[in-house]
Amino acid sequence: MAAEAKQTCYEGSSVQSFRFFLEHSGEHKAILQSVHDILPGEFKRIGAGKSSLAVLGAGSGGGELDAQMLTLLQSTFPDVPITADIVEGSSQLTDNFKALVAKTTNLQKIPFVWHIMHSEDYERQVKAKGDIKRFDFIHMIQMIYYVDNLANTIKFFHSLLKNNGRLMIIVEAANGGWDTLWKTYKKELCVDAITEYRSSEEVIACLKRQGLKYEEHAIPNTFDITECFNPSSQTGERLLNFMTAKDQFYQSFTPEIRAGMLDLLRNKCSTEKDGSVLFNSNLSCILVYA
């Protein structure tokens, strides 16, 4: 899912777990395809008539998606200077992002400001300073699970938008595999960095309560979890570790809970095709208007 947590910020072994998941899930590829479909038109609207553009990434992880979006923005407005502020709780992933910038020629033209902190610490810092920088485009990709207060977080980041700006929130889709797993086993899973699981359903309900205008785009994705049902498969165990946010799936739950989760994963969260179990990992891209 994501890359910004309080107690268990992605460092050390959890970074490896996150990268392993990305390799196996195809999630970044699905998000990128959607971004390339949706953002060119949005960027033209956002940047029309502006002499400079400011971007804020909240929970940017290793920066792979940011790099693509910033490159897309540059190609849309080749003569307009762009700045990027990055809020990311993991120092290890921020180092990865900085290394990516260092080897990507077009990104070296963009001044980056790095805020290695949780998004709510950034909010406190901005409010304490009182010198509020505003942005044309803010994105929060797969990080909304880790904030304490969803409504306050959305309200704050939305308040940072410039005229005609957009806030893009990418989150797991309502009634998808993640939503089903984490809400069914809330008591067992919502105990560490994620204390309340949220999908697009909670985000959209929050936007409606705040009277904010938005549009939603579906991002279809599935990935193969067949190995999860082979107890001797290291790949299966590593996937289960990430999907349940545990270091050791088999040691973390009772045999009854494990069996229930595996049954749910196979029968309620996935479809079977040609002997493979494909997990429903659909996402939702929600664009919120300034």
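Inter-residue side-chain proximity for V147 and F156 is flagged as unmet; no heavy-atom pair is nearer than 4.5 Å. Side-chain contact between Q74 and I110 is present, with heavy atoms from C-beta onward closer than 4.5 Å. For the pair M168/I141, a side-chain contact is recorded, criterion being any heavy-atom separation below 4.5 Å from C-beta on. By the 4.5 Å heavy-atom criterion applied to side chains, W182 and I194 are counted as neighbours. Between K133 and T83 the shortest side-chain heavy-atom distance falls below 4.5 Å. Counting heavy atoms from C-beta outward, M261 and L189 have side chains that approach closer than 4.5 Å. The shortest side-chain heavy-atom distance between L167 and F135 does not fall under the 4.5 Å cut-off.
Using a cut-off of 4.0 Å between Lys/Arg side-chain N and Asp/Glu carboxylate O, E123 and K155 are scored as not salt-bridged. A salt bridge is defined here as a Lys NZ or Arg NE, NH1 or NH2 lying under 4.0 Å from an Asp or Glu carboxylate O, and E23 with R238 fails to meet this definition.
Side-chain contact, S232 with N230: a donor N or O sits under 3.5 Å from an acceptor N or O. A donor-acceptor contact closer than 3.5 angstrom is absent between the side chains of D121 and H115. With no hydrogens or angles considered, no side-chain donor-acceptor pair links T94 and E88 at under 3.5 Å.
Under a hydrophobic clustering in which Ile, Leu, Val, Met, Phe, Trp and Tyr are joined whenever their side-chain heavy atoms come within less than 4.5 Å, directly or via other members, F229 and M243 fall into the same cluster. Both I204 and I138 are members of a single hydrophobic cluster when ILVMFWY side chains are connected at heavy-atom separations under 4.5 Å. L100 and L70 end up in different hydrophobic clusters when Ile, Leu, Val, Met, Phe, Trp and Tyr side chains are linked at under 4.5 Å. The hydrophobic clustering, which links ILVMFWY residues whose side-chain heavy atoms are closer than 4.5 Å, places L262 and I257 together. Clustering ILVMFWY residues whenever any of their side-chain heavy atoms sit less than 4.5 angstrom apart, transitively, puts I116 in a cluster other than the one holding V55.
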Side chains of residues 220-228: which donor-acceptor pairs under 3.5 Å do they make with residues two or more places apart or in other chains?
{"from": "N221", "atom 1": "ND2", "to": "S25", "atom 2": "O", "distance (Å)": "3.2"}
{"from": "D224", "atom 1": "OD1", "to": "T226", "atom 2": "N", "distance (Å)": "2.8"}
{"from": "D224", "atom 1": "OD1", "to": "T226", "atom 2": "OG1", "distance (Å)": "2.4"}
{"from": "T226", "atom 1": "OG1", "to": "V277", "atom 2": "N", "distance (Å)": "2.9"}
{"from": "E227", "atom 1": "OE1", "to": "S233", "atom 2": "OG", "distance (Å)": "2.6"}

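Residue Q234 places its CD atom among 12 or fewer non-hydrogen atoms of other residues, nucleotides or ligands, all under 6.0 Å distant.
The only option from Y145, Y197, F21, Y185 that meets the ring-ring contact (aromatic ring centres under 6.0 Å, His included) definition with W178 turns out to be F21. Each of E202, E196, E172, E188 was compared with K183 under the salt bridge (charged side-chain N to carboxylate O under 4.0 Å, His left out) criterion, and only E202 meets it.
Using cut-offs of 30° and 60° on the angle between ring planes, the pair F112 and W114 is parallel. Using a 30° and 60° split on the angle between ring planes, F43 and F137 fall in the perpendicular class, above 60°.
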